[in-house]
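Both backbone and side-chain heavy atoms feed into the values below; hydrogens, waters and symmetry mates do not. What you see is a predicted model; the values in this text were computed from it and never measured.
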Amino acid sequence: MTIAVERRVAIAGLGAVGRTLATALDEGIPGYRLTAVSVRRPERSEPFFATLRQRPAVVPVEELAESADIVIECAPTAIFAQLATPLIRDGKELIVLSGGALLEHWDLVDQAAETGAIIRVPSGALMALDAVQAAAQGEIHSVQMRTRKPLEGLQGAPFLAEAGIDLAQVQEPTRLFAGTARQAAKGFPANLNVAVALSLAGIGPDRTMLEVWADPTVTRNTHRIEVDSDSAKLTFTIENIPTENAKTGRITALSVIALLRKMVSPLQIGT
């Protein structure tokens with residue numbers, strides 16, 4: 001397959017996911033070229049840059065829109081608006097991994113409709129997202145998700161501090177939270193972006209119900225999802241192998257790579 005024009009790609013954040021994506025782009029994904037990255041402390045990324053065949057430009061997050069056609073967001077949620085606003089204003093494309101941050105800045109979706117920008121939320125760790133989207137074309141009655149994570153995969157979640165929960169005291173599977181996907185996204189912004197993707201594909205963040213369990217007996221981030229609709233009853237379970245960052249599964253970066261390939265492929269599988 002011959003790609004006539006290469007699209008410039010920038011990455012915001014070089015954590016486990018960002019580094020995997022940068023390496024894949026550097027090695028070659030047809031139709032794309034890594035042109036820029038944004039990192040809070042560039043000097044810490046020097047050893048990683050040395051592994052790349054072509055070093056990307058390192059620019060402030062608010063200047064990524066000037067350096068690329070597509071920006072992949074792998075950054076802390078606190079800088080989401082700073083990153084996304086210029087991209088949406090300039091009609092660029094944004095691939096969002098922090099689904100909870102997108103919910104907090106939903107006005108950007110309305111702005112994208114005016115400027116021609118495109119916001120893409122990859123499937124990430126969530127299998128069967130296509131089936132949920134299809135069911136949503138009819139009527140979905142309910143969506144229930146139960147997430148079990150090893151203790152290290154929940155460290156640092158704001159909900160724990162607010163509720164006074166000490167994970168060091170958890171000795172058996174313990175339910176920490178029950179509520180909506182929107183509430184979960186606020187309480188666990190780095191842990192439950194899959195719940196946001198599920199809610200956006202289905203019946204929305206205020207009707208998608210979620211439980212979060214801290215489970216010292218599991219080693220993988222595990223999600224069980226049940227969807228009841230007028231077209232199908234869906235039940236599926238995902239067990240994600242974590243990266244060196246226990247909060248993130250390896251499949252997250254692979255999902256973005258699959259999305260990039262799909263965007264330029266003459267054969268596109270899935271909804």
Side-chain angles (χ1 to χ4, degrees), residues 3-102 104-105 108-109 111-112 115-124 189-190 193 196-197 243 245 248 250-265:
I3 305 297
V5 179
E6 283 189 328
R7 305 186 69 186
R8 300 173 302 156
V9 180
I11 300 173
L14 285 179
V17 173
R19 290 195 303 272
T20 299
L21 294 173
T23 299
L25 286 161
D26 182 67
E27 292 175 348
I29 299 177
Y32 303 97
R33 176 168 54 91
L34 178 64
T35 54
V37 298
S38 178
V39 287
R40 185 171 56 179
R41 297 179 179 175
E43 67 279 2
R44 291 190 175 183
S45 297
E46 287 300 330
F48 172 72
F49 291 141
T51 69
L52 302 179
R53 296 183 300 180
Q54 184 172 350
R55 180 191 173 104
V58 180
V59 302
V61 65
E62 62 270 16
E63 296 180 12
L64 287 176
E66 303 171 16
S67 305
D69 307 302
I70 302 170
V71 174
I72 305 171
E73 176 272 314
C74 310
T77 58
I79 67 168
F80 182 84
Q82 185 182 4
L83 160 68
T85 300
L87 288 162
I88 303 305
R89 179 196 61 214
D90 294 348
K92 300 293 181 73
E93 293 193 31
L94 174 62
I95 297 177
V96 175
L97 297 184
S98 299
L102 180 60
E104 291 293 311
H105 298 90
L108 292 174
V109 178
Q111 292 178 29
T115 65
I118 298 176
I119 302 172
R120 303 182 188 272
V121 180
S123 299
N193 290 305
V196 176
T243 63
N245 177 357
T248 305
R250 294 182 187 178
I251 201 168
T252 300
L254 300 180
S255 174
V256 177
I257 294 171
L259 173 61
L260 291 172
R261 293 187 185 278
K262 179 177 180 178
M263 286 165 54
V264 297
S265 175

## Note on the structure
Rounding to 0.5 Å, atoms CG (Asp69) and CD (Glu6) come to a distance of 11.0 Å

### Query
If we only count heavy atoms from C-beta on, is the Leu102 to Ile119 side-chain gap below 4.5 Å?
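The answer is yes, as the side chains (C-beta and beyond) meet within the 4.5 Å cut-off.
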
### Message
Give me the atom names and distance for the closest heavy-atom approach of Val196 to Gly100.
### Response
CG2-N, 3.7 Å

### Query
Do Tyr32 side-chain atoms and Leu260 backbone N/O form a donor-acceptor pair below 3.5 Å?
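Answer holds: yes.
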
### Main-chain N/O of Ile88 paired to Thr115 side chain as donor or acceptor, under 3.5 Å
yes

### Query
So, does Glu73 use its side chain to make a donor-acceptor pair with the main chain of Ser98 at under 3.5 Å?
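Answer holds: yes.
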
#### Entry: Side-chain donor or acceptor of Thr35 paired with backbone N/O of Ser67 under 3.5 Å
yes

### Query
For Leu14 and Val37, what are the C-alpha separation, side-chain angles and deciding distance, and is it a side chain to side chain contact (heavy atoms under 4.5 Å, CB included)?
CA-CA 8 Å; Leu14 285 179; Val37 298; 4.2 Å; yes

#### Entry: Point-to-point distance, once rounded to the nearest 0.5 Å, from CG of Leu254 to OG1 of Thr20
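Interatomic distance, Leu254 CG to Thr20 OG1, rounded to 0.5 Å: 7.5 Å.
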
#### Entry: Lys92 (side chain) donor-acceptor with Val71 (main chain) under 3.5 angstrom
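No: the side chain of Lys92 does not pair with the backbone of Val71.
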
#### Entry: Partner of Leu97 by side-chain contact (heavy atoms from CB on, under 4.5 Å), out of Val256, Asn193, Thr77
Val256

#### Entry: Pairwise distance CG(Asp90) to OG1(Thr85) - rounded to 0.5 angstrom
10.5 Å

### Query
Any sub-3.5 Å donor-acceptor pair from Arg53's side-chain atoms to Asp26's backbone N or O?
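At least one qualifying donor-acceptor pair exists.
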
### Message
Show, in sequence, the C-alpha distance, side-chain angles and deciding distance for Val39 and Arg44, and conclude whether the side chain to side chain contact (heavy atoms under 4.5 Å, CB included) test is met.
### Response
CA-CA 9 Å; Val39 287; Arg44 291 190 175 183; over 6 Å; no

#### Entry: Interatomic spacing from CZ in Arg19 to SG in Cys74 - rounded to 0.5 Å
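Answer rounded to 0.5 Å: 11.0 Å.
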
### Query
For Val59, does its backbone N or O pair with a side-chain atom of Ser38 as donor and acceptor, under 3.5 Å?
yes

#### Entry: Spatial distance of atom CG (Leu64) from atom CD1 (Ile70) [nearest 0.5 Å]
13.0 Å

### Task
Kindly determine whether Phe80 and Glu104 satisfy side chain to side chain contact (heavy atoms under 4.5 Å, CB included), including the steps that lead there.
CA-CA 9 Å; Phe80 182 84; Glu104 291 293 311; over 6 Å; no

#### Entry: Ion pair check, Arg55 and Glu46, cut-off under 4.0 Å
yes

### Query
Rounded to the nearest 0.5 Å, how far apart are CD1 of Ile118 and CG of Leu94?
11.0 Å

